[in-house]
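What you see is a predicted model, and the numbers here were worked out from it, not measured in a lab.
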Amino acid sequence: MTSSLRYAIHMITIANLVAVKRRASCVDVPDIKKVYGLFDDVKRSASYLKEYEQDFMFSEGAEEEEE
């Protein structure tokens, strides 16, 4: 899996906030996993939209434009 450096930095920063909230001195793997489940990178977001595009409101307008 490849992601941007910006995404990785955001993940580490937010994982650090999760660790601070649980009063830990360092970021652990469960912190990263929790954050990974909350935020998607661009590729996962695009994949999700493609997979579920029929469930979103904007897909109705696209069908009308194609006809």
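Note: the hydrophobic cluster containing Leu49 also contains Tyr52 (ILVMFWY, side chain heavy atoms under 4.5 Å, direct or indirect links). One hydrophobic cluster, built from ILVMFWY side chains closer than 4.5 Å, cannot hold both Met11 and Ile9; they sit in different ones. The hydrophobic cluster containing Val18 also contains Leu38, counting ILVMFWY residues as joined when their side-chain heavy atoms lie under 4.5 angstrom apart, directly or transitively.
The minimum heavy-atom distance between Cys26 and Ala19, with the atom names listed, is O-CB, 3.7 Å. Nearest heavy atoms, Ala15 versus Ile32: CB-CD1, 3.6 Å.
With contacts defined as side-chain heavy-atom distances shorter than 4.5 Å, the pair Asp31/Arg22 qualifies. At a threshold of 4.5 Å between non-hydrogen side-chain atoms, the residues Val27 and Ile12 do not count as touching.
Between atom NZ of residue Lys34 and atom CD1 of residue Ile14 there is a gap of 12.0 Å, rounded to the nearest 0.5 Å.
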